[in-house]
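Remember, it's 1-based here, ligands and their atoms both numbered in the order they're listed.
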Amino acid sequence: QPPQSETLRTPIVAVLGHVDHGKTSLLDKVRGSAVSEGEAGAITQHIGATAVPLETVSSMAGSLVDPDDFDLPGLLFIDTPGHHSFSTLRSRGGALADIAILVVDVNDGFQPQTVEALDILKRTGTPFVVAANKVDTTPGWNPQDGSPIKPSYDGQSDRARQMLDTNLYEIIGQLSDEGLSADLYWRVQNFQKNIGVIPVSALTGEGIPDLLAVLMGLSQRYMKAEMAVDIAGPGAGTVLEVKEERGFGATLDVVLYDGTVREGDTIVVGGTNGPIITEIRALLQPQPLAEIRTEKRFERVDEVKAAAGVKIAAPDLDAAMAGAPVRVVRSRDTDEVIRDVQAELAEIEVNTEEEGVVVKADTLGSLEAMANALKEAEIPILRAEVGDVAPRDVAVAGTAREDEHKVILAFNVDILPNAEDELDHSEVKLFDDDVIYQLIEEYEEFVDERKR
Ligand code: GTP
Ligand code: MG
């Protein structure tokens, strides 16, 4: 029996890419364009996300998006800082994002985090488009603010067009090296088979109408069935970050992908020592115009519906893990929800052995990605945990039998000061990096060198 309140929820769009390739600028431009279209009020800033309703998408995309062709409510964009692991963006059985934008600087092309993002998109089967950003930096570029890319491209000098083409084909070639067939988006017939590359500029807004039109079209065409959820039902989401907030203690930044969450709801959250059961004290959203420094940065809301980003304040959240599931209990049996959360955590549990290396990562998703990469490299794991490197980790790594396993591989985490002291006085070696494959390469080089 289908749920009574089945509604189409907003598709979740992750914006990924290498550091400084323009992810945040792209979203800023989308917000800025909404302001100039007189739609400022329509865009809502969420915790870790920006919601753009269909009407606003349509007014920004002009003739490229006719709102009558769509029944999805709009798009929810999640910005992921390049130095952070967006592998946090996982959900029950797969990727949290329904669709993604892989942002690539047209001049720089593929960089380490581009490749890493691509690996995760491939592994999770997330559909995506490539935004070839910063086209305005092409020498001799004649900017046409906010224009769709085709007329803007046609309006360039032959020389500028050729330079841009060279860069675009470089990116298409790099995608092909990764085993993906890609082309400029207007030549793509089947977006499920071929990756569309959309030339854009976050500075001038050129190509943004195209980007929005393609995202909206892909969501409507291929994802509508998945968007049908019971929006009034108990909420389900993923922790993006665990943050201390003055006056609230440890809070959760959550992306809600199903149902509703209300103040007072009992929730179950994945924590380092098992599921945490607590009651929501407050649901928080950024104040409108959050850029302006205000005394109160947050606004309290009673209820949030999927899809949305929200900050949850509740007692006992210190041990909550980024990347972990959050579930609202509501009228269900608490034990059943706890079992659900445990089952989901078990999905991510890493196989450890009697002998191997110690792994620390910032989120459950990145821990999972590390474990996969280590398995491929045939490197055994003695212990794998989410969290900063602590003295205890040094002690555990020191118990490895083989010297080459007396190491800690730390991905995107801090080294606690007392752990540094501990490392100074032990044979344990620490490797840290914020790109998974580089981290593993560094370790492999160390092992090779020892063998020489
Ligand atoms: P991280 O969050 O650090 O990973 O970076 P990001 O991908 O969010 O990049 P961000 O938007 O912060 O942009 C990095 C720099 O590139 C900034 O100085 C932007 O002004 C600049 N930039 C971004 N997009 C464009 C563009 O389309 N054209 C030009 N000329 N500059 C751009
Ligand atoms: Mg950014």
Is K23 salt-bridged to D79, going by a charged N under 4.0 Å from an acidic O?
no

Should the pair K429 and F431 be classed as cation-pi, given the thresholds of under 6.0 Å to the six-membered ring centre and 45° from the axis?
yes

Under 4.0 Å from any heavy atom of D136, which atoms of ligand 1 are there?
26 (C), 27 (O), 28 (N), 29 (C), 30 (N)

More than 12 heavy atoms of other residues, nucleotides or ligands under 6.0 Å from CG of D424: is that the case?
yes

Decide whether an N or O pair under 3.5 Å exists between S25 and ligand 1.
yes

Using the rule side chain to side chain contact (heavy atoms under 4.5 Å, CB included), only one of T50, V57, V52 pairs with V30; which is it?
V52

With only distance considered, is D79 within less than 3.5 Å of ligand 1 through an N or O on each side?
no

Carboxylate-amine/guanidinium proximity below 4.0 Å for K224 and D71
yes

Please identify which atoms of ligand 1 are closer than 4.0 Å to at least one heavy atom of A202.
24 (N), 26 (C), 27 (O)

Can a donor-acceptor pair be found between the side chains of Y153 and D165 at a distance below 3.5 Å?
yes

Has ligand 1 got any nitrogen or oxygen that is less than 3.5 angstrom from a nitrogen or oxygen of V200?
no

Of D20, V15, T204, which has the heavy atom at the shortest distance from atom 15 (C) of ligand 1?
D20

Test: R161 and D158 ion pair at under 4.0 Å
yes

Is T80 close enough to the Mg ion (ligand 2) that one of its N, O or S atoms comes in under 2.8 Å?
no

Specify side chain, backbone, both or neither for L203, according to which of its non-hydrogen atoms lie closer than 4.0 Å to ligand 1.
both

Contact region, T137 to ligand 1, non-hydrogen atoms below 4.0 Å, reads side chain

Would you mind telling me if ligand 1 is within reach of the side chain of H21, the backbone, both or neither, using heavy atoms under 4.0 Å?
backbone

